[in-house]
Amino acid sequence: MKSSTATAANLTKEKKKRRFLNRWDAPIAGYLFIAPWLIGFIGLTAYPMLLSLYYSFTNYTLLEPIQGVGFRNYARIFSDDPRFVTSVKVTFQYVIASVPLKLAAALLVAVVLNKAIKGISFYRTAIYFPSLIGGSIAVSILWRNIFGVDGIFNKILATFGIPGTGWITNPDTALGTLILLTVWQFGSAMVIFLAGLKQIPNDLYEASSVDGASKIVQFFKITLPMLSPIIYFNLIMGVINSFQMFTSAFVITNGGPMNSTYVYALYLYERAFSRYQLGYASALAWIMLVMIVIVAAVIAGTSKYWVFYETDKGGRKSK
């Protein structure tokens, strides 16, 4: 009896041990699969972010020993840095103008391309292509040549008898050329809108047509509400990307003329890599993060009034 009892106890322990090990088989395999991403995230994202947060409370300059300064960098930014105010103002002007125009262009083109016509795949690819190269230095140089005093844009205007100007050397138009370049890169948002348009049931349009709704009414009463979650996503992504705009401002105008294109990322770069004030630049970077979070939170807070989702019962409710 004692032997059988001991054997049963051993078998129970063995089963529990196997059950415990089996429970961890799947997570271990999962961690192994995500290990490359996890290592990259920790080494290339999380650690640098925490390090920059530490540097933001120091006077780190690469040339002198690191010394803690507390909140002195932040206090100086907000109280005694006019270039910070200028860069924030220019950045918000850029974001407010470029993001809606880019979304509008992407949605308009997506609606046009949402047709079953011959060669539509070629047109979609051709229109999406600028988004693949739009952020490159080469395109920025090309854009600078197009809108220069002797650029092709002024030559086109001259054929119609319209006098040209130095679009990137005029403080009134320089920021507009950068906005136009951003709007030109609407391909990614367009593809997402196009995918959303494919998900709208044709029955809605057919039923509204029977009721006498015009194409314009269908667009505002059916298309826009059904696409509101995608508009919300593209809006958030557009705001985040616009706040970080750097390449075109650096290559095309270098912040000029008269600081009319002196965006925040350019000012951060100048502090970090021209003046080697890495501690001060780290503080600027975290302020940028806070600004993006605040703007995104405002958009998320207002989304319940204009973003709509289908319920399980087939109706629609606000987020």
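Under the ring-ring contact (aromatic ring centres under 6.0 Å, His included) test applied with F84, the options Y267, Y74, F78 reduce to a single match, F78. Under the side-chain contact (heavy atoms from CB on, under 4.5 Å) test applied with V295, the options I236, I240, V239 reduce to a single match, V239.
Enclosure of atom CZ in R72 is not indicated, since only 12 or fewer non-hydrogen atoms of other residues, nucleotides or ligands lie within 6.0 angstrom. No more than 12 heavy atoms of other residues, nucleotides or ligands sit less than 6.0 Å from atom CG of D150. Applying the 6.0 Å contact sphere to CD1 of I156 captures more than 12 heavy atoms from other residues, nucleotides or ligands. Annotation: K198, atom NZ; neighbour count of heavy atoms from other residues, nucleotides and ligands within 6.0 Å is above 12.
Residues L268 and Y55 fall into different hydrophobic clusters, defined by Ile, Leu, Val, Met, Phe, Trp and Tyr side chains chained together at heavy-atom separations under 4.5 Å. A continuous path of ILVMFWY side-chain contacts below 4.5 Å connects L266 to I141, so both sit in one hydrophobic cluster.
Applying the salt bridge (Lys or Arg N to Asp or Glu O under 4.0 Å) definition to pairs two or more places apart or across chains, none involves residues 47-71.
Aromatic ring orientation, F153 versus F147: tilted (interplanar angle from 30° to 60°). Aromatic ring orientation, F246 versus Y269: tilted (interplanar angle from 30° to 60°). Using a 30° and 60° split on the angle between ring planes, F41 and W37 fall in the parallel class, below 30°.
Shown here for I200 and L227, the closest heavy-atom pair between the two residues is CD1-CG, 4.2 Å.
A donor-acceptor contact under 3.5 angstrom links the side chains of T253 and T261, judged on distance only.
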Pairs under 3.5 angstrom only: tabulate donor-acceptor contacts from the side chains of residues 272-287 to other protein residues two or more places apart or in another chain.
from, atom 1, to, atom 2, distance (Å)
R275, NH2, E270, OE2, 2.9
Q277, OE1, R271, NH1, 2.4
Y280, OH, D81, OD2, 2.5
S282, OG, L278, O, 2.8
W286, NE1, S52, OG, 2.9

